[in-house]
Peer 1: 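Below are the structure tokens for one structure; questions will follow.
Note that ligands are numbered from 1 as they come in the structure, with each ligand's atoms numbered from 1 the same way.
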Amino acid sequence: MTDTRVDLTGLLRGEVESLVKDLGQPGYRGRQLFQWVQARRTTEPEAMTSLSRAFQATLTERVRVSRPEAARAQRSADGTRKHLFRLADGEEIESVLIPDDSRLTACISTQVGCPLACRFCLTGLMGMRRNLTAAEIVGQILALQDGLEEAERISNVVLMGMGEPLLNFPQVERALRILCDDLGANYSPRRVTLSTAGHVPGIQKLAASDLGVNLAVSLSATTDAVRDEIIPINRRWPIAELLKACRAYPLQNRRRLTFEYVMLDGVNDFREDAKRLVGLLHGIRCKINLIPFNAAPGLPDRPSPRERVEAFQRVLHGAGLTATVRESRGWDISAACGMLRVEKDTDRDRDRDSDGAQHATRD
Ligand code: SAH
């Protein structure tokens with residue numbers, strides 16, 4: 001028999017309140033239920049001790065609290081952990097936990113596969129399978145947090161896993177509202193970052209929403225000729241349009257946009273690119289994240305040599321821009337940027353060294 005119970009994992013606080021009222025209970029019971037589900041991560045009504053026995057019994061009949069099923073976990077030598085989750089329909093997604101000194105960042109997926117087919121990204125090779133529901137997006141965070149020790153808490157959330165978040169805007173928006181609700185997991189929007197390959201209408205929608213999350217844009221080229229080749233969505237929304245939308249993105253005090261730039265050998269890593277980038281970003285409050293390309297079988301590019309990445313960074317610094325080189329994490333377990341792809345029986349032997357950390361900022 002199919003399960004007709006309502007899944008609470010993907011419901012907004014207000015929706016849980018309405019549901020509870022429909023069940024003949026006062027609204028504050030709905031807020032309590034939302035807290036049990038989202039803040040205390042309780043999945044069984046019997047364990048929700050502030051609710052009456054009778055109401056617990058009603059809930060057992062009428063609602064459920066879903067989690068993606070943890071199918072496999074892998075730990076990298078650098079502490080990064082990759083989790084494979086199986087969804088109710090058998091599809092699989094990956095999420096990554098990245099610890100560093102003071103933070104524990106969860107990198108989560110928003111789609112099964114991705115339709116954008118960026119040349120340097122393995123997820124693109126999977127093609128698009130489907131959008132995730134809000135319950136599946138929120139469920140990744142809840143399941144990851146469930147697996148941690150009491151004292152460990154996910155501090156930051158980045159939508160940089162599989163998929164293009166802005167192509168799944170309604171479910172992503174809903175998930176972010178749930179995760180940022182102060183009666184729920186209570187993430188500050190300042191600790192949440194949505195990364196896009198450059199879906200302009202989506203950026204505009206995000207700008208018009210009051211979500212207030214950080215925006216990261218995967219720019220990765222300084223001419224349309226090159227960007228058209230490596231990030232095909234550029235043919236629809238070229239660099240000028242993309243940057244116009246970025247300029248219009250509302251930034252609170254001291255907040256900045258992030259531009260991600262994957263460094264590809266002989267493609268987008270020339271000195272001229274660095275100079276053009278300075279010009280393109282003129283007047284935008286931003287930082288630039290240079291990402292060493294993670295090579296993989298099936299991807300045609302090679303990583304830029306370290307010296308070229310550093311020379312590129314020096315040009316940006318020289319122009320007063322903030323530019324960091326993203327440390328590649330979890331590379332040995334294919335958990336690094338652009339390496340999330342669910343495919344059974346792939347040999348993931350790689351022959352590159354992982355990158356050392358580098359960090360330099362100057363405003
Ligand atoms: N669709 C979104 C989020 C997923 S990709 C986006 O494009 O931003 C997250 C980041 O990983 C992007 O900045 C992307 O450019 C980068 N990336 C993809 N493949 C990569 C690879 N093979 N090596 C390094 N970074 C990669």
Peer 1: What part of Glu164 sits under 4.0 Å from ligand 1 if we count only heavy atoms: the side chain, the backbone, both or neither?
Peer 2: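 Contact part for Glu164 vs ligand 1: both backbone and side chain.
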
Peer 1: Should Leu122 be counted as touching ligand 1, given the test is an N or O pair under 3.5 Å?
Peer 2: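 Not met; the criterion fails.
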
Peer 1: Decide if atom CZ of Arg236 counts as having more than 12 heavy atoms of other residues, nucleotides or ligands within a radius under 6.0 Å.
Peer 2: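 It does not: Arg236 CZ has 12 such atoms or fewer within range.
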
Peer 1: Who gets closest to atom 1 (N) of ligand 1 by heavy atom: Gly163, Cys121, Ala197?
Peer 2: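 It is Gly163 that holds the nearest heavy atom.
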
Peer 1: Hey, is Arg174 close enough to Glu15 for a salt bridge, meaning N to O under 4.0 Å?
Peer 2: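 Judged by the 4.0 Å cut-off on N to carboxylate O distance, Arg174 and Glu15 do form a salt bridge.
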
Peer 1: So, Glu164 and Thr196: side-chain donor and acceptor under 3.5 Å apart, yes or no?
Peer 2: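 Yes, because at least one side-chain N or O of Glu164 sits under 3.5 Å from a partner of the opposite role on Thr196.
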
Peer 1: What are the atoms of ligand 1, with element, lying closer than 4.0 Å to any heavy atom of Gly161?
Peer 2: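 With Gly161 as reference, the close atoms of ligand 1 come out as 4 (C).
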
Peer 1: Near Arg53 CZ, under 6.0 Å, is it more than 12 heavy atoms from other residues, nucleotides or ligands?
Peer 2: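 No, the 6.0 Å shell around CZ holds no more than 12 heavy atoms from other groups.
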
Peer 1: To which protein heavy atom is atom 10 (C) of ligand 1 closest, and what is the distance rounded to 0.1 Å?
Peer 2: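 Looking at atom 10 (C) of ligand 1, the protein heavy atom closest to it is Glu260 OE2, 3.9 Å.
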
Peer 1: Does only the side chain of Pro292 get under 4.0 Å from ligand 1, or the backbone, or both, or neither? Count heavy atoms.
Peer 2: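 Answer for Pro292: backbone.
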
Peer 1: Which is it for Val262 and ligand 1 at heavy atoms under 4.0 Å: side chain, backbone, both or neither?
Peer 2: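 Contact part for Val262 vs ligand 1: side chain (C-beta onward).
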
Peer 1: Ignoring hydrogens and angles, tell me if any N or O in the side chain of Ser109 forms a donor-acceptor pair with the backbone of Met162 under 3.5 Å.
Peer 2: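 The answer is yes, because a donor-acceptor pair under 3.5 Å joins these two groups.
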
Peer 1: Any ion pair linking Arg308 and Asp265 (charged N to carboxylate O, less than 4.0 Å)?
Peer 2: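 Judged by the 4.0 Å cut-off on N to carboxylate O distance, Asp265 and Arg308 do form a salt bridge.
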
Peer 1: For atom 11 (O) of ligand 1, grab the closest protein heavy atom and report residue, atom and distance to one decimal in Å.
Peer 2: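 So the nearest neighbour among protein heavy atoms is Cys337 CB, 3.6 Å.
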
Peer 1: Hey, does Ser220 come in under 3.5 Å of ligand 1, counting only N/O atoms on both sides?
Peer 2: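 In this structure, Ser220 places no N or O atom under 3.5 Å from an N or O of ligand 1.
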
Peer 1: Quick test: of every protein heavy atom, which one is nearest to atom 23 (N) of ligand 1, and how far off is it to 0.1 Å?
Peer 2: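 Atom 23 (N) of ligand 1 sits closest to the protein heavy atom Asn294 N, 2.9 Å.
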
Peer 1: If you have a sec, work out which protein heavy atom is nearest atom 9 (C) of ligand 1 and how many Å separate them, to one decimal?
Peer 2: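 In this structure, atom 9 (C) of ligand 1 has Met160 O, 3.6 Å as its nearest protein heavy atom.
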
Peer 1: Which of the numbered atoms in ligand 1 are below 4.0 angstrom from a heavy atom of Ile291?
Peer 2: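 The atoms of ligand 1 under 4.0 Å from a heavy atom of Ile291 are 13 (O), 24 (C), 25 (N).
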
Peer 1: Among all protein heavy atoms, pick the one closest to atom 18 (C) of ligand 1 and tell me residue, atom and distance.
Peer 2: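 Protein heavy atom with the smallest distance to atom 18 (C) of ligand 1: Gly338 CA, 3.4 Å.
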
Peer 1: Provide the closest heavy-atom pair for Pro68 versus Leu87 in the form atom of the first, atom of the second, distance.
Peer 2: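 Between these two residues, the closest heavy atoms are CB-CD2, 4.0 Å.
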
Peer 1: Which one holds for Val217 and ligand 1: side chain close, backbone close, both close, or neither close, with close meaning a heavy atom under 4.0 Å?
Peer 2: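 For Val217, there is no contact with ligand 1 at all, from either part.
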
Peer 1: Which heavy atom of the protein is the closest neighbour of atom 2 (C) of ligand 1, given with residue, atom name and distance?
Peer 2: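 Result for atom 2 (C) of ligand 1: Ser195 O, 3.3 Å.
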
Peer 1: State, to 0.1 Å, how close Arg326 and Glu260 come at their nearest heavy-atom pair, and which atoms those are.
Peer 2: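 Where Arg326 meets Glu260 most closely, the heavy atoms are NH2-OE2, 3.2 Å.
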
Peer 1: Pairs of nitrogen or oxygen atoms closer than 3.5 Å, one from Ser218 and one from ligand 1: do any exist?
Peer 2: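 Yes; at least one N/O pair falls below 3.5 Å.
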
Peer 1: So does Arg177 pair up with Asp210, basic N to acidic O under 4.0 Å?
Peer 2: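 Yes.
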
Peer 1: Compute the ring centroids of Phe312 and Phe270, then answer whether they are less than 6.0 Å apart.
Peer 2: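 Ring-ring flag for Phe312/Phe270: false, centres at least 6.0 Å apart.
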
Peer 1: Taking Asn168 for the side chain and Asn131 for the main chain, is one N or O donor matched with an acceptor at less than 3.5 Å?
Peer 2: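 Checked: no pair found.
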
Peer 1: Look only at interatomic distance and state if Phe120 has a nitrogen or oxygen under 3.5 Å from any nitrogen or oxygen of ligand 1.
Peer 2: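 Yes, at least one N or O pair falls under 3.5 Å.
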
